[in-house]
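First the structure, in the form of structure tokens, and then the observations on it.
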2 protein chains.
Amino acid sequence: MNLQQLRVLRETVRNGFNLSEVALAIVGSQSGVSKAIKELEDELGVKIFVRKGKRLLGLTEAGASIVSHAEKALQEVDNIRRVVSRLEDADSGRLVLATTHTQARYSLPEIVRAFRNRFPKVQLALRQASPPEIAGLLETGEADIAIATESLKANALFVCFPFFKWYHGVVVPKGHRLAVKAAKGEHLALADLGQEPIITYHAGFTGRTMIDATFARAGITPQVVMEALDADVIKAYVALGMGIGIIASVAYDEESDRDLSLLDASELFAENTTVLAVRRGRLLPGYAMRFVQLCIRGLSDQALQRAVQSEG
Amino acid sequence: MNLQQLRVLRETVRNGFNLSEVALAIVGSQSGVSKAIKELEDELGVKIFVRKGKRLLGLTEAGASIVSHAEKALQEVDNIRRVVSRLEDADSGRLVLATTHTQARYSLPEIVRAFRNRFPKVQLALRQASPPEIAGLLETGEADIAIATESLKANALFVCFPFFKWYHGVVVPKGHRLAVKAAKGEHLALADLGQEPIITYHAGFTGRTMIDATFARAGITPQVVMEALDADVIKAYVALGMGIGIIASVAYDEESDRDLSLLDASELFAENTTVLAVRRGRLLPGYAMRFVQLCIRGLSDQALQRAVQSEG
DNA sequence: GATGCTTACGATACCCGTAAAGATA
DNA sequence: TATCTTTACGGGTATCGTAAGCATC
């Protein structure tokens with residue numbers, strides 16, 4: 001058994017059991033990949049993959065266990081390298097942050113500025129992506145830190161910390177019927193929203209899951225006329241009069257959104273918690289730990305390290 | 001980087017930084033071992049070992065981290081093999097149990113009998129050793145399960161479960177002054193023991209640490225005239241009249257120790273807890289899990305697996 | 001027919017061991 | 001001097017890639 005075989009295993013799973021793609025991913029030939037698998041299976045005396053003829057379809061039961069252990073082993077090998085790069089220059093390196101539009105646009109700028117100030121030599125890469133993509137980036141190690149409201153909490157491979165809590169709000173054009181109602185001091189009701197064309201986030205983004213669940217629980221079928229990936233787009237179409245918007249209230253800015261009103265909806269939709277996640281068992285560079293601590297106030301080095309080391 | 005290099009690293013630490021011994025341990029040549037280290041250090045660009053001239057003295061700071069990650073990686077590689085052997089024949093294999101005389105002789109026989117009954121095809125190896133040796137066997141993976149009162153609890157590499165609780169007792173020849181006193185209903189005092197020649201366990205065995213601490217706390221210097229590794233030897237010399245014995249009370253048998261009396265000492269010496277320990281992060285064969293469950297009543301598969309997977 | 005996996009074969013590089021040299025106690 | 005580590009060199013093997021063959025879709 002050797003490390004290359006384990007890498008092939010890992011990449012085979014990650015690349016959907018297509019050995020040609022695996023060969024590209026690890027920079028090698030199909031034949032080498034194929035042989036690596038064969039030899040490992042022969043040595044262990046167990047089939048790792050389910051095959052249909054010559055095609056690989058998935059993992060056998062034993063294969064699933066084997067791959068999970070292989071990934072841990074590779075993670076530790078990777079950590080050995082990280083131990084070294086930590087020493088070389090603790091304040092330089094690269095930090096990849098995967099996050100959504102909402103976070104990138106509204107909650108992270110200040111933190112990023114503080115971080116760059118403190119670690120000017122760290123190359124900070126901000127990768128904006130959809131929640132499932134974000135989870136994928138963190139899982140494969142392409143990203144060091146992920147921040148999102150959806151997709152992260154359920155994954156046992158991640159260690160999650162509550163980043164911040166926020167509520168949805170309703171944005172309407174100035175003078176809209178609902179704005180007038182709110183101005184009178186009348187509370188907004190879910191039923192009010194049900195009667196309006198709604199513009200909000202795409203499924204799986206920024207609390208959309210929770211929005212849908214709330215409507216469903218109330219027995220209301222909202223008329224979603226448009227789904228966007230970010231609040232800026234939503235606000236633009238609300239301004240055009242296409243409907244009312246449901247967005248994260250942090251995405252409303254009194255200054256720049258002068259033609260829109262933000263109505264409080266904290267009593268209609270439950271609180272949302274955006275989480276910061278790191279890959280479990282992965283050694284973080286010192287500056288990455290600092291970044292996490294900038295996000296999660298009062299998190300000690302010890303507590304962080306312990307959380308990362310813990311098993312799900 | 002390859003697995004062999006990591007193995008060399010591990011064995012180098014285990015064999016006291018003597019590369020010649022490492023070569024024997026991994027079945028190879030000194031030169032190969034030396035080169036493996038050199039190449040790994042070159043690749044990483046970090047010195048792993050502290051050298052004085054050509055001699056290896058210990059680990060550098062970075063080296064210590066590297067070795068700990070290397071051990072985890074190797075552990076996972078090992079677990080891959082264990083996944084396989086688990087499947088092949090779940091009810092056969094080998095189980096190495098490291099324990100002390102006291103446990104082997106007095107608490108384990110029934111459990112072992114029950115286990116052999118259930119898993120007749122498992123080769124059960126019982127390795128009797130001193131507590132530090134037991135810890136070593138478990139740490140290196142030579143033993144799967146360790147049971148002892150000392151040496152195990154403090155090690156973060158082990159997961160410990162309380163096996164059973166017991167007290168020390170005092171054995172004296174029939175008709176001994178202290179036996180007479182006890183027969184009158186008078187309580188035994190530490191001071192009584194201080195006046196007698198004492199025969200008990202060797203330092204580091206079967207609660208001896210606790211015995212010494214108790215005497216020290218009372219300001220008494222016991223006259224230990226003989227130290228033995230097990231209660232059978234102690235009892236033999238007590239029978240010869242060399243002194244009184246302090247042993248685990250479970251080691252006294254009314255039937256076979258007819259010429260001796262056991263005096264209760266549960267109020268003099270604190271309770272002892274014998275623990276069962278397994279190596280953290282090491283995949284156990286199904287039958288090994290069953291053995292643990294025979295020892296620790298009411299421990300579910302889940303709870304056990306979770307404990308083993310957890311990080312210290 | 002296009003894509004994907006396996007086998008065969010040849011070249012390369014890696015790894016290991018023997019042996020000699022250098023260093024340490 | 002005896003023990004221990006490093007370096008040098010040679011042999012064997014494992015690994016990898018090209019190319020061909022074959023199965024699946």
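Quick note on labels: first sequence line is chain A, next is B, and so on, each numbered from 1. Only a predicted model underlies this, so the values are computations on that prediction, with no experimental measurement involved.
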What residues from residues 7-25 of chain B pass a heavy-atom cutoff of under 4.0 Å to DNA chain C?
none

Kindly say if B/N2 contacts the phosphate of C/dC15, meaning a side-chain N or O under 4.0 Å from OP1 or OP2.
yes

Does a nitrogen or oxygen in the side chain of A/S34 sit under 4.0 Å from OP1 or OP2 of C/dC5?
no

Could you check whether any side-chain N or O of A/E227 sits under 3.5 Å from a backbone N or O of A/A203, counting only pairs where one atom can act as donor and the other as acceptor?
no

Between the side chain of B/S34 and the main-chain N/O of B/Q30, is any donor-acceptor distance below 3.5 Å?
no

Starting at [atom1] of [X] and ending at [atom2] of [N], how long is that distance when rounded to a whole Å?
{"X": "A/K47", "N": "C/dC5", "atom1": "NZ", "atom2": "C1'", "answer": "13 Å"}
{"X": "B/M1", "N": "C/dC15", "atom1": "CE", "atom2": "P", "answer": "12 Å"}
{"X": "B/E43", "N": "C/dC14", "atom1": "CD", "atom2": "P", "answer": "11 Å"}

Five-pair end axes of the helix from C/dG1-D/dC25 to C/dA25-D/dT1, angle between them (10°)
40°

With 3.5 Å as the limit, what N/O pairs link the protein to nucleotides 20-25 of chain C?
{"residue": "C/dT24", "atom": "O2", "partner": "B/R55", "partner atom": "NH2", "Å": "3.0"}

Toward the 5' end of DNA chain D, by each residue's nearest nucleotide, A/E39 or B/R51:
B/R51

Would you say the base of C/dT18 and the side-chain of B/S31 have a donor-acceptor pair closer than 3.5 Å?
yes

Which protein N or O atoms sit under 3.5 Å from an N or O of nucleotides 9-13 of chain C?
{"residue": "C/dC9", "atom": "N4", "partner": "A/K35", "partner atom": "NZ", "Å": "3.4"}

When you list every nucleotide of DNA chain D with an atom under 4.0 Å from a heavy atom of chain B, which one comes first 5' to 3', and which comes last?
D/dT3 to D/dC9

Contacts of type side chain to side chain contact (heavy atoms under 4.5 Å, CB included), residue A/A216, not counting sequence neighbours
none

For A/R82, does the CZ atom have more than 12 heavy-atom neighbours from other residues, nucleotides or ligands under 6.0 Å away?
yes

